[in-house]
Amino acid sequence: MDEVFVCGFNGFGQCDGFEVLLMPFLEDPESDAARPLDITVSDTTRYCPVNQAQLLKNSPTRKTNSDTTQKCPVNRTQQLRDGESGQTTDPQECQHRELRKRKGSNCRKDDKMTDKNMCSLRSVCTFPEKSILLKNAEITWARICVTLLKITGAECEAMTHHTFLSGYSASTDGTSPLQLHLTDTVSLGSSHGDLLLQNGRRLLMLQEKSNDPVLSSIAGNSEAKEEKPEHPVNLELVSGTASNFVTCYDGISVGTLVPENKTTSEGLTDNAMELRLVPVDSGLSVRHVSCGLEHTLLLTQHGGILSFGAGSRGQLGHGSLEGEQQPQMVAALEGLCCVSVAAGGWHSAAVSELGDLYMWGWNESGQLGLPSPGVQEDICRRGQQQQQQGDHQQTHKPASLHLWPVCVDVGFEEEDIVSVSCGTRHSAVLTCNGKAFTTGWNKYCQLGLPHPASVDHFTPVVFPSKQATVKQVWCGAWNSLFVVRNTVEEKCK
């Protein structure tokens, strides 16, 4: 059986709503809980609303929490701020802090940590691995979106994609979190707050300010006087920065997708969106793309890594704080064949085919798995230095910035790394033995550890079952999601 665990920020009911939303689908997978997606030019998405009150009533161990389901409109004007210490304020944290200051808002009005806006490691669903597979997960700062593949028939005659989304609601009443179940729909990628979905050959954009996906179309680069692409674009990989999407399309090409409201002869329309495709000259064929808040990493077919975007925290790995408009090869990793890359808020990570982990960029919260001055000060202030460090040996001096990739020791020699994922200020790795390790900022328990203290070295995530084998790991801005198989499987050879 496969089991999904989530942890982290739950201020908009992402975790609670996700568990409630999946319940009817998993209890009776033979019947669809949502109507087929119905979109026309004059209509928006229709979906089957979930009777949350009835489901909660059927689950007596579940408690409602009005504080986690209130409307919290996003303040898009909040910008990154640099203090005298040179530390950048997390934009998501700026937004949430600004929301709490609004008069008449039902959001939390204090900064104290409580169970109301955090979620420790918790199982939200269990499903048979042979009939339901988790294909993809996208986690924005206020929403969780997963795509499940349901397989029916002894010979796998039918396969249906189901996408579930829970979290922040942009509704005017602000009484419940957003809950969506879309059939025949796959999540392609997410930016800071928006999601890009695909229903058949149709693209759908679900913006943070909306509760309903709208039809989207790809337009050419208007600056280059291209009204339409020369041929239909096949989007294969999509990731997003704070302002746009970066995609790998048609097998070899890379470009940015800038969302724009579609304009008709009568003006702007609310039920259609254009994605302006701006080609990016990478010079090499790309097999994976990963975006942070202000930068992008590209993994080439031959295992090389290119980076571009802002470099104010060394996240590009070029040995400086300068940004790059076009992709540039990370010279320190040339000669290595990498198999996984991940871009966090202002840090980056890569895994080589030999199972080595490389990290670089901002280390203010220990997100690189290297000693951080801020974390060390907190540990000393709490008087728990010996207790938290244990047998972990520090081989690097505490530093807030690493401008070049550094090979990071996870702490267990027999554990080769196979993949890495990064949140805004935390990171997670998956080993060949099916174990997960996390490090970094932990204010909302997004590391899956039994405490909210940040750590600056990779720490194993412990699951209830001793036979748990972690299959996949995704990091959101303030959340983490783990897919665990509770069976004994073959380990690394």
Side-chain angles (χ1 to χ4, degrees), residues 2-10 14-15 17-19 21-22 92 119-125 127 129 132-149 161-167 186-197 237-240 288-293 297 299 339-345 347-351 357 367 417-431 434-442 444-449 458 461 463 468-485:
D2 284 352
E3 194 168 5
V4 176
F5 289 83
V6 295
C7 56
F9 180 66
N10 194 34
Q14 301 100 306
C15 302
F18 185 64
E19 183 173 1
L21 184 61
L22 284 173
Q92 292 101 343
C119 173
S120 299
L121 189 65
R122 187 177 77 195
S123 172
V124 294
C125 70
F127 51 85
E129 65 271 17
I132 299 178
L133 301 176
L134 196 154
K135 297 292 292 184
N136 190 25
E138 299 293 339
I139 311 176
T140 69
W141 80 281
R143 290 172 173 175
I144 295 179
C145 177
V146 300
T147 296
L148 299 180
L149 175 62
H161 286 97
H162 295 259
T163 293
F164 300 86
L165 183 142
S166 179
V186 179
S187 61
L188 292 178
S190 64
S191 64
H192 175 67
D194 302 336
L195 286 159
L196 189 61
L197 310 170
L237 298 167
V238 179
S239 185
H288 186 69
V289 56
S290 180
C291 294
L293 287 173
L297 300 180
L299 178 62
V339 296
S340 177
V341 296
H347 68 290
S348 303
V351 177
L357 175 67
Q367 56 263 52
I417 309 301
V418 295
S419 66
V420 59
S421 183
C422 296
T424 302
R425 286 189 283 169
H426 74 288
S427 306
V429 297
L430 177 64
T431 72
K435 297 180 181 178
F437 296 81
T438 57
T439 184
W441 191 50
N442 196 34
Y444 297 103
C445 290
Q446 56 264 52
L447 300 186
L449 305 180
F458 281 96
V461 180
F463 297 91
T469 300
V470 183
K471 307 301 294 184
Q472 295 169 297
V473 177
W474 282 279
C475 288
W478 293 355
N479 307 82
S480 299
L481 186 148
F482 305 88
V483 179
V484 176
R485 184 162 297 175

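Everything numeric here is computed off the predicted structure, so don't read it as measured data.
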So how far is it from [X] [atom1] to [Y] [atom2], rounded to the nearest 0.5 Å?
{"X": "Leu133", "Y": "Lys471", "atom1": "CG", "atom2": "NZ", "value": "11.5 Å"}
{"X": "Ile144", "Y": "Leu21", "atom1": "CD1", "atom2": "CG", "value": "11.0 Å"}
{"X": "Cys125", "Y": "Phe5", "atom1": "SG", "atom2": "CZ", "value": "10.0 Å"}

Where do [X] and [Y] come nearest, in terms of heavy atoms and distance?
{"X": "Leu165", "Y": "Arg143", "result": "CD2-CD, 4.0 Å"}
{"X": "Ser123", "Y": "Glu3", "result": "OG-OE2, 2.6 Å"}
{"X": "Leu148", "Y": "Leu134", "result": "CD2-CA, 3.7 Å"}
{"X": "Thr140", "Y": "Ser190", "result": "CG2-CB, 3.9 Å"}
{"X": "Ala428", "Y": "Val473", "result": "CB-CG1, 3.6 Å"}
{"X": "Asn10", "Y": "Cys15", "result": "OD1-N, 2.8 Å"}

Determine whether [X] and [Y] make a side-chain contact, defined as any pair of heavy atoms from C-beta on separated by less than 4.5 Å.
{"X": "Val146", "Y": "Phe18", "result": "yes"}
{"X": "Cys145", "Y": "Thr163", "result": "yes"}
{"X": "Lys135", "Y": "Val186", "result": "no"}
{"X": "Leu357", "Y": "Val429", "result": "yes"}
{"X": "Ile417", "Y": "Phe437", "result": "no"}
{"X": "Thr438", "Y": "Phe482", "result": "yes"}
{"X": "Cys422", "Y": "Cys475", "result": "no"}
{"X": "Asn479", "Y": "Val6", "result": "no"}

Ser427 side chain to Gln367 backbone, donor-acceptor under 3.5 Å: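 Yes; judged by distance alone, with no hydrogens or angles, the pair exists.
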Any donor-acceptor N/O pair, Ser290 side chain to Ala343 backbone, under 3.5 Å: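 Checked: pair present.
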Geometric class of the His192/Trp141 ring pair [parallel <30°, tilted 30-60°, perpendicular >60°]: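 Rings of Trp141 and His192: parallel, under 30°.
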Parallel, tilted or perpendicular: rings of Trp441 and Tyr444 (30°, 60°):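 Plane angle over 60°, so perpendicular.
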Distance-only polar pair, side chains of Asn136 and Ser187, donor-acceptor under 3.5 Å: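 A pair is found: one side chain offers a donor N or O, the other an acceptor, under 3.5 Å apart.
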